[in-house]
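Written out below as structure tokens is the structure these notes cover.
Quick note: numbers below take in every heavy atom, side chains included, and nothing from hydrogens, waters or symmetry partners. So you know, we letter chains A, B, ... as the sequences are listed, proteins then strands, and number each from 1.
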Protein chains: 2
Amino acid sequence: MLLQTATTIRNQHVKGPVAAGPENFLFAGCPELIGARLSYRRDEEIYGEAEEAEFVYKVVSGAVRTYKVLNDGRRQIGAFHLPGDLFGFESSTTHKLTAEAVTETVVLVFKRRTLEYFATRNVEVARQLWTLTACSLDQAMERLLLLGRKTAAEKVATFLLEMDQRMHPTGAISLPMTRRDIADYLGLTLETVSRTISQLQAEGMVALSSARQITVQRRSKLRELGSEDVYQ
Amino acid sequence: MLLQTATTIRNQHVKGPVAAGPENFLFAGCPELIGARLSYRRDEEIYGEAEEAEFVYKVVSGAVRTYKVLNDGRRQIGAFHLPGDLFGFESSTTHKLTAEAVTETVVLVFKRRTLEYFATRNVEVARQLWTLTACSLDQAMERLLLLGRKTAAEKVATFLLEMDQRMHPTGAISLPMTRRDIADYLGLTLETVSRTISQLQAEGMVALSSARQITVQRRSKLRELGSEDVYQ
DNA sequence: CGTTAATTTGACGGGAATCAAGGGGAGTGG
DNA sequence: CCACTCCCCTTGATTCCCGTCAAATTAACG
């Protein structure tokens, strides 16, 4: 990874879409903070659990999964990070999850210490970093409700709506992850995910042009099925 | 605990244990920040989901649960807050969960805006507030793994170990919450929680002097059963 | 075009939920 | 002081959703 840093530091041009979000304003007024560009192949590890958290990452293109595993291999994906998303930002000095590229992925890397230095000098930056963490916490709370109390159908419906909103505000969803990834994100098995999607398709709520290309057909019906939190 | 420092300024006797943690140093150097003392009866609401987040709270004695509910009443408890814990601290202007007293509870209340004012003036306070949120996020990630991938026995074992650590580093655990609360925390039913605790008792891992008074007998065995995250 | 991975679908089983009933402890009022 | 009541907890019987095991189909890739 250090080798990679060396090679990619030269080509500074950033390609790919950068989603809107609070993180876009994060580095406002900090032109010194230029990240190095790094590429990862499919399934390549970006950082490991318990590793020192030296860098903070921003997805340029592709997708990243962060996860935890139990001793016997059971895996829980904490989050999928899509273009524009920041990840790897910890309060602790070590990472609490492992990060891997879901597909061919390009990220920008920032030195954590540099970021923290700016935070100590600029109150606004400090506030934005905190807001970022707090937003992740809100999302985590929503996921606790999903994992603890929703049925398989509700989980999948919620997932598809989330992806629909995050990837293409309109149009087909182009999923970068496998059914197994989705299963490990929702606390299900890949077979249950597959079966549930098939059923949603049979009921006309979604349409599949391929396994990874899904279009939401009846958003309101899907939303109803997703049984969101009462206040939301 | 600054909070506690604040209380002890005029009221020297603070009852109840105050857990150690990063929040204890939160308000160092801000003696102006004195919280009002409030009491809540069992099951009384402290704040509601979607309500404006005007205050931040610190548990003095008793216990608080924060939770979300689905439209049909299914409930997921996000966290239990014990003496010494801070809660209700949001990045958003509104609360994302409901907070209720589990038992007779006393809290200290602080104006959120005052806290934020100190954060803008003191970098160290800002950092501690961020650390607090980040720690909650780490705990949430651990709970995602539990809810998504652990069995009933593993969930209950993990819960008992957590409570044992948080309540009395040694000695019997005195649970303030019902079996239903535990179930809604672990994504189970109250019957399954009851059955599982009975089984742990039969296997000699824990001993019950009453339903709410539990002693861990074989911590290593229980920890093994809890199947913690590989790196932890 | 062959090889391998990903996905789908079916059959079956099991772990936890649901339904139901019985005990026990704390508080209350007679 | 004791009976009564209301929860809370425990335990049993049964159901069912989802996991497991298995196989076929499709897609991806060199």
Partner set under side chain to side chain contact (heavy atoms under 4.5 Å, CB included) for B:Leu208, not counting sequence neighbours: B:Arg179, B:Ile197, B:Gln201, B:Val206, B:Ile214

No-hydrogen, no-angle side-chain donor-acceptor test under 3.5 Å, A:Tyr47 and A:Glu54: no

Side chain to side chain contact (heavy atoms under 4.5 Å, CB included) partner of A:Tyr185, the single match among A:Arg143, A:Lys155, A:Met177: A:Arg143

Residues which pass side chain to side chain contact (heavy atoms under 4.5 Å, CB included) with B:Gln213, listed by chain and number, not counting sequence neighbours: B:Ala172, B:Ser174, B:Ser209, B:Ser210

Can you give me every donor-acceptor pair (side chain of residues 133-140 of chain B, partner residue at least two apart or in another chain, under 3.5 Å) with its distance?
| residue | atom | partner | partner atom | Å |
| --- | --- | --- | --- | --- |
| B:Thr133 | OG1 | A:Trp130 | NE1 | 2.8 |
| B:Thr133 | OG1 | B:Leu129 | O | 3.3 |
| B:Ser136 | OG | B:Leu132 | O | 3.4 |

side-chain hydrogen bond (donor to acceptor under 3.5 Å, both in side chains) contacts in which one or both residues fall within residues 75-84 of chain B, not counting sequence neighbours: B:Arg75-B:Asp181, B:Arg75-B:Asp184

A:Arg65 charged N/C atom sitting above A:Phe87 aromatic ring, 6.0 Å / 45°: no

Set of residues satisfying side chain to side chain donor-acceptor pair (under 3.5 Å) with respect to A:Thr151, sequence neighbours excluded: A:Glu154

Inter-end axis angle, the helix from C:dC1-D:dG30 to C:dG30-D:dC1, with every axis fitted to five base pairs (rounded, 10 degrees): 40°

Pair A:Arg195 + A:Glu191, salt bridge at N-O below 4.0 Å: no

Sugar-phosphate, base or nothing in reach of B:Thr178, heavy atoms under 4.0 Å: sugar-phosphate

For atom CD1 of A:Ile182 and atom C1' of C:dA6, their distance in whole Å: 12 Å

Touch class at under 4.0 angstrom, heavy-atom based, for B:Ser198 against every strand present: sugar-phosphate

B/S/- contact track for nucleotides 10-20 of chain C, protein heavy atom under 4.0 Å: BB----SSBB-

Nucleotide range of DNA chain D lying under 4.0 Å from chain A heavy atoms: D:dC18 to D:dC21

Set of side chain to side chain donor-acceptor pair (under 3.5 Å) partners for B:Thr158, sequence neighbours left out: B:Lys150

With B:Arg218 via side chain to side chain contact (heavy atoms under 4.5 Å, CB included) - residues at least two apart: B:Lys221

Interface with DNA chain C, restricted to residues 201-214 of chain B and to heavy atoms under 4.0 Å: none

Sequence-distant partners of A:Ala157, side chain to side chain contact (heavy atoms under 4.5 Å, CB included), two or more places apart: A:Leu222, A:Leu225

Non-hydrogen side-chain atoms of B:Leu82 and B:Val59 separated by less than 4.5 Å: no

